[in-house]
**Q** 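There's a structure below that I have some questions on.
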Number of protein chains: 2
Amino acid sequence: MPQPKGSKGRVTIIEIADAAGVSKSTVSLVLTGRGSVKPETRQQVLQVMDRLGYVYNRGAANLRNAQSRIVGLVLNDLSNPFFAEFAIGVEKVLQMAGYVAFMANTAESVVRQEQVMRMMREHGAGGIILCPALDTRPEHLDWVRVADTALLVAIRRLPGVNVSHVVPENLAGASRVTRHLVNLGHERIAFLGGMHSMVVRQERHGGFLAAMEAAGRAVDPALNLESMPTRDGGFGAMSAVLSLADRPTAVVCYNDVVAIGAMLAAARHGLVVGRDIAVVGFDDTSEARHVSPALTTVAVDPVGLGERAAALLLKQINDPAIEPESFIGPANLVIRESCGAYQRALAAAG
Amino acid sequence: MPQPKGSKGRVTIIEIADAAGVSKSTVSLVLTGRGSVKPETRQQVLQVMDRLGYVYNRGAANLRNAQSRIVGLVLNDLSNPFFAEFAIGVEKVLQMAGYVAFMANTAESVVRQEQVMRMMREHGAGGIILCPALDTRPEHLDWVRVADTALLVAIRRLPGVNVSHVVPENLAGASRVTRHLVNLGHERIAFLGGMHSMVVRQERHGGFLAAMEAAGRAVDPALNLESMPTRDGGFGAMSAVLSLADRPTAVVCYNDVVAIGAMLAAARHGLVVGRDIAVVGFDDTSEARHVSPALTTVAVDPVGLGERAAALLLKQINDPAIEPESFIGPANLVIRESCGAYQRALAAAG
DNA sequence: TACGATTATTGGAACGTTCCAATTCAGAAA
DNA sequence: TTTCTGAATTGGAACGTTCCAATAATCGTA
């Protein structure tokens, strides 16, 4: 007869000991594999555990240990495939090290972010990888100074927070894609999407400006529009810029999602992207490859960033005295159709 | 001077008590908010906790309580946006109930799945929502019978496992989209992608067969091809079917990802999808909307499924004696361009 | 046979919390 | 003043584990 569910709480090490005719200490030894216990005894104990459906109580164990081998992964936007891939990289590395990642999604809410990080610390997480929500303030992370939970910030740099960072090379990447447009002969180039307050936008826009300046191109402030970093935001920003008297011939977008919105808006205005106007993005999400025309963008290898982040965090967990360290991941130009380079090459060849 | 990190382990309730000049019991009372404590005392205690950087030890607390207000969410494939959206639905509901979801990704590995579920139980999760990895066997879940962790299976039905399920209406959805093709006049219709062993494929293929039969269409076994449920798989299956002497005029794909691969293969063979051949998918991922031609598919509302799953699990956690219950989410036809209905309507009108 | 030297096993004291029963306190009523 | 009452506070016993020091069993060897 199946035991009535949760009848008398969980079965403990002591009940196992009784049933196996040994002491709780012996059971603990087979559980941790630390001391030496006679093979037959171990077998016997394991068998009883299996029979009674024993589950280890990590809370109780941590009471003495404080080594929980879990790390928290806090994501600001799980619906963005970029972060899902980042998470996959993180998990890959943690798994090899015998850790398990507990993920949580904050959906850009700082309140929720505080909540889940507290929860993770309460559960004794050894470390936390944080992709910070939009308006995370440095003081939200004051706890690191005193805590025994390691912290690493990823994807979005958090100025004024002295912990390890793993971020993509936003500035250089934006420079590269902008230079590409310049080389294609564009003069009036717009920068669309993202909010001014976002650090990532500041970095990417900085790269844009640097490339424009280096090429001696004028930067028209009317061609710098902010928007929510969504498809709709991109659509709106592009519509706005197309209604100007003096339209740009190319636009650099904050990211791929914005770029895709911008392409839709261009099409709605009767423009053929890649011929009448060039549009480029950032991130190289899988959508970038599959929209039509395929999006020229900047690839940042989220999986690789995730792996680096996890590796760095583990290093920190193992040696808490270590100095914070930063890793800047590469961001390389991926030329497809939306910038018009392909069409141009065809024309030249034909 | 900032306390040296992790100097002497975490700050405990007793240290707070000492510093605040009260007993540990009083501190516990302000922590739980259960008894009545003088406002000034509470204030004093809270202040000291803040000053010393106290973090609650949930493990220790659970030792008496066994009510951890966390639930585990085990996903088989986080890189699939469908599951990311499902997770968002789950989180939304759990959050309102004051629970937090800890997610883990199994990447279709049963071993990893076992591992993370055990971890979650060890940490005292009140319940687990499982999107099972491909070859999960019923015996992997035998623990539910005896455990005090509730279990709910989502997205992929697990035959022979007597727990609550939340799954989309695969059979009816596949029937609908097949009937749509039949109504457009197609005779030879293929079913592509997914492995025969997948329950979801069995359901969808079942729906396909039912619709074909109801319409009196012949089903050619040569037009039922399995493949990995990936873009490449879809590409391969479509290529195979196009090399047959007697090609189909329409194909129903296991899901959108397969369908997109199939469309690429069709294009490679010089066929215009929507004109020369009809292709339809299943799931209505965001990619479906943005490929060209836009994919006709079946929408299943992953967020809604997530919400339902969370709600059902909470019900079960609160009353463990409750009978397992199933929810079958709607799956509605979304007509776009890849089936050719739009072109046909245009032709009829013009 | 007796002796160390391992190897196996064990009881009890932590760990940080909650809960219970008991105590103290403050103010109102007598 | 004393007594009563309810509010506020408290010590100590759990909870399920690990670790330590101590004991018991086993074995090879003198």
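Labels below follow one simple rule: chain letters A, B, ... track the order of the sequence lines, proteins then strands, and each chain is numbered from 1.
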**Q** Any side-chain N or O of B:Arg34 less than 4.0 Å from the OP1 or OP2 oxygen of C:dC19?
**A** yes
**Q** For B:Asn57 and D:dG16, what is the distance between atoms CG and C1' respectively, to the nearest whole Å?
**A** 13 Å
**Q** I want to confirm an ordering. Mapping B:Thr41 and A:Ser28 to their closest nucleotides on DNA chain D, which one lands closer to the 5' end?
**A** B:Thr41
**Q** Look at the side chain of B:Arg64 and decide which nucleotide, out of D:dT17, D:dA13, C:dT9, has an atom nearest to it.
**A** D:dA13
**Q** For the pair made of CG in A:Asp18 and C1' in D:dG16, what is the distance, rounded to whole Å?
**A** 14 Å
**Q** Report all side-chain donor-acceptor pairs from residues 16-40 of chain A shorter than 3.5 Å, counting only partners two or more places apart or in another chain.
**A**
| residue | atom | partner | partner atom | Å |
| --- | --- | --- | --- | --- |
| A:Ser23 | OG | A:Ser25 | N | 3.3 |
| A:Ser23 | OG | A:Thr26 | N | 3.3 |
| A:Ser23 | OG | A:Thr26 | OG1 | 3.3 |
| A:Thr32 | OG1 | A:Ser28 | O | 3.1 |
| A:Thr32 | OG1 | A:Leu29 | O | 3.4 |
| A:Thr32 | OG1 | A:Arg34 | N | 3.4 |

**Q** Any side-chain N or O of A:Thr12 under 4.0 Å from OP1/OP2 of D:dG16?
**A** no
**Q** Atom NZ of B:Lys24 and atom P of D:dA13: how far apart are they, to the nearest Å?
**A** 10 Å
**Q** Which distance, rounded to the nearest 0.5 Å, do you find between the CD1 of B:Ile129 and the CZ of B:Phe86?
**A** 5.5 Å
**Q** In whole Å, what is the span from the CZ atom of A:Arg10 to the C1' atom of D:dG16?
**A** 9 Å
**Q** Any idea which of C:dA13, C:dC15, C:dT9 is nearest the A:Leu63 side chain?
**A** C:dC15
**Q** Is A:Glu108 salt-bridged to A:Arg156, cutoff N-O under 4.0 Å?
**A** yes
**Q** What is the separation between atom CG on B:Leu29 and atom P on D:dT10, rounded to the nearest whole Å?
**A** 10 Å
**Q** Whole angstrom is fine here: how far is it from CD in A:Gln43 over to P in C:dA8?
**A** 15 Å
**Q** Calculate the interatomic distance between A:Leu31 atom CG and D:dC19 atom P; express it in whole Å.
**A** 11 Å
**Q** Which residue lies toward the 5' end of DNA chain C, A:Pro39 or A:Ser25, if each is placed at its nearest nucleotide?
**A** A:Pro39
**Q** Rounded to the nearest angstrom, tell me the gap between atom CZ in A:Arg121 and atom P in C:dG16.
**A** 16 Å
**Q** Does B:Ser36 make a side-chain N or O approach to OP1 or OP2 of D:dA7 shorter than 4.0 Å?
**A** no
**Q** side-chain hydrogen bond (donor to acceptor under 3.5 Å, both in side chains) with A:Gln113: which of A:Thr106, A:Asn105, A:Asn76, A:Thr136?
**A** A:Thr136
**Q** At less than 4.0 Å, is any side-chain N or O atom of B:Thr32 found next to OP1 or OP2 of C:dT18? Yes or no.
**A** no
**Q** Tabulate below the donor-acceptor pairs under 3.5 Å that side-chain atoms of residues 116-127 of chain A make, not counting sequence neighbours, or state none.
**A**
| residue | atom | partner | partner atom | Å |
| --- | --- | --- | --- | --- |
| A:Glu122 | OE1 | B:Arg58 | NE | 2.5 |
| A:Glu122 | OE1 | B:Arg58 | NH2 | 2.5 |

**Q** Counting side-chain heavy atoms from C-beta on, which of C:dT9, C:dG16, D:dT9 comes nearest to B:Ala60?
**A** C:dG16
